[in-house]
Amino acid sequence: MSQITVRPAEEADAPAMLALYAPYVEQTTVSSEYEAPSLAEFLGRMRTYTHQLPWLLCEIDGELAGYGYASPHRTRAGYQWSAETSIYVAQAFHRRGVARALYSALFELLAAQGYYNIFVGITSPNERSIKFHSAMGFVISGSYQDSMFKFGLWRDVIWMAKSLRPHDTAPSPTIPYPDLRDTPLCTRILSTAVGYIHLAPRQKA
């Protein structure tokens, strides 16, 4: 039986996470970057964001299957209850529930921290991603038309949004993720997320 783990990302995981991310930069329009960041730059992002927000990864039999994280939607005070989320899954583990598991954990953690909104930007066309995010409770909220230039073409970015709670009261300050990381609540959320992953026999090359 496979050993599946969803856990907080550590700095020691950065090389493997960067290796997973780099093809998304170099071969797809999923990322708006032209060149994969250096390890130092990648670590810097982790250190900056994890002071407040979760970065999670999924391992299957000791192999990195995917990772996901939250980042600030905007930096000004009025946006502090909104976050953006990103998920990257290794090619060998597509359609195995890894993205669903990571997203489900991120949603619960962000809700527990006191966040109200999650936003995600999807470079168009990407019907598969839009369909997946719709299934995860996101709705299309608008687009930045011709806002990204990559691989010789101008591309629209579709923005989708997910609400985590009613917007009927004034918000309280959010809780930094490190304050939740080692709590029973966080442990339960990560353990529950594993249940979304379904494995099939690997195809022989």
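The structure displayed is predicted, hence computed values, not measured ones.
In the hydrophobic clustering of ILVMFWY residues, with side-chain heavy atoms under 4.5 Å counting as a link, Val194 and Leu102 come out together. The same ILVMFWY cluster, assembled from side-chain heavy atoms under 4.5 Å apart, contains both Phe132 and Ile122. Residue Val25 is grouped with residue Leu18 when hydrophobic side chains (ILVMFWY) are merged at heavy-atom distances under 4.5 angstrom, including chains of intermediate members. Under the 4.5 Å side-chain heavy-atom criterion for grouping Ile, Leu, Val, Met, Phe, Trp and Tyr, Leu53 is connected to Leu164 within one hydrophobic cluster. Phe119 and Trp81 are members of different hydrophobic clusters when ILVMFWY side chains are connected at heavy-atom separations under 4.5 Å.
One distance of note links CG of Leu106 with CG of Leu56; it measures 4.5 Å at 0.5 Å rounding. Going from atom NE2 of His94 over to atom CZ of Arg128 covers 6.0 Å, rounded to the nearest 0.5 Å. Atom CD of Glu35 is separated from atom CD of Glu41 by 12.0 Å, given to the nearest 0.5 angstrom. Distance check, rounded to the nearest 0.5 Å: CG of Asp13 to CZ of Arg7 gives 4.0 Å. If you take NE2 on His198 and CZ on Arg95, they are separated by 10.0 Å, rounding to the nearest 0.5 Å. A distance of 5.0 Å separates CD1 of Ile197 from CD1 of Ile60, quoted to the nearest 0.5 Å.
For the residue pair Asp156/Ser124, the side-chain donor-acceptor check at 3.5 Å is not satisfied. A donor-acceptor pair shorter than 3.5 Å cannot be found between the side chains of Thr174 and Gln80. No hydrogens or angles considered: a donor-acceptor pair under 3.5 Å links the side chains of Ser2 and Asp61.
Across Phe42 and Pro37, no two heavy atoms sit closer than the pair CD1-CG, 4.2 Å. Nearest heavy atoms, Ile175 versus Asp179: CG2-CB, 3.8 Å. Across all their heavy atoms, Gln113 and Pro54 have their closest contact at OE1-CD, 3.4 Å. Closest of all the heavy-atom pairs between Val6 and Leu190 is O-CB, 3.5 Å. Counting all heavy atoms, side chain and backbone alike, Ile4 lies closest to Cys58 at CG2-SG, 4.3 Å. Across every non-hydrogen atom of Cys186 and Leu109, the tightest pair is SG-CD2, 3.9 Å.
A donor-acceptor contact shorter than 3.5 Å links the side chain of Thr183 to the backbone of Leu180. No donor-acceptor distance shorter than 3.5 angstrom exists from the side chain of Lys150 to the backbone of Val30, with no hydrogens or angles considered. Under a 3.5 Å cut-off, the side chain of Ser141 and the backbone N or O of Trp159 do form a donor-acceptor pair. Checked by atom type and distance alone, the side chain of Trp55 never pairs as donor or acceptor with a backbone atom of Tyr67 at under 3.5 Å. The backbone N or O of Ala111 lies less than 3.5 Å from a partner atom in the side chain of Arg165, making a donor-acceptor pair.
Counting heavy atoms from C-beta outward, Ser147 and Arg155 have side chains that stay 4.5 Å or more apart. Side-chain atoms of Arg45 and Tyr69, non-hydrogen and from C-beta on, never get closer than 4.5 Å to each other. Contact annotation: the side chain of Ser86 never approaches that of Val120 to less than 4.5 Å [non-hydrogen atoms, C-beta and beyond]. Annotation: side chain of Ser32 is not in contact with side chain of Thr123 (no heavy-atom distance under 4.5 Å). Annotation: side chain of Tyr177 is not in contact with side chain of Gln52 (no heavy-atom distance under 4.5 Å). With a 4.5 Å cut-off on side-chain heavy atoms, Lys162 and Asn117 do not count as touching.
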* **Worked verdict on Ser31 versus Glu26 for side-chain contact (heavy atoms from CB on, under 4.5 Å)** => CA-CA 9 Å; Ser31 170; Glu26 296 162 356; over 6 Å; no
Test side-chain contact (heavy atoms from CB on, under 4.5 Å) applied to Val139 and Met160, step by step
CA-CA 5 Å; Val139 296; Met160 300 188 74; 5.7 Å; no
Run the numbers on Thr5 and Gln3 for side-chain contact (heavy atoms from CB on, under 4.5 Å), then give the verdict. CA-CA 7 Å; Thr5 304; Gln3 180 66 40; 4.0 Å; yes
**Study point:** Worked check of salt bridge (charged side-chain N to carboxylate O under 4.0 Å, His left out) between Glu10 and Arg181
**Key:** CA-CA 12 Å; Glu10 306 281 357; Arg181 174 174 168 150; 2.4 Å; yes
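Aromatic ring orientation, Tyr88 versus Tyr21: perpendicular (interplanar angle above 60°, classes split at 30° and 60°).
Among His133, Lys131, Glu127, the single residue meeting the side-chain hydrogen bond (donor to acceptor under 3.5 Å, both in side chains) criterion with Ser129 is His133.
In this structure, Phe149 has its ring center under 6.0 Å from that of Trp154.
Within 6.0 Å of atom OH in Tyr79, 12 or fewer heavy atoms from other residues, nucleotides or ligands are found, so the atom counts as exposed in its surroundings.
Looking at residues two or more places apart in sequence or on another chain, you find a ring pair (Phe, Tyr, Trp, His ring centres under 6.0 Å) between Phe107 and Tyr103, Phe138.
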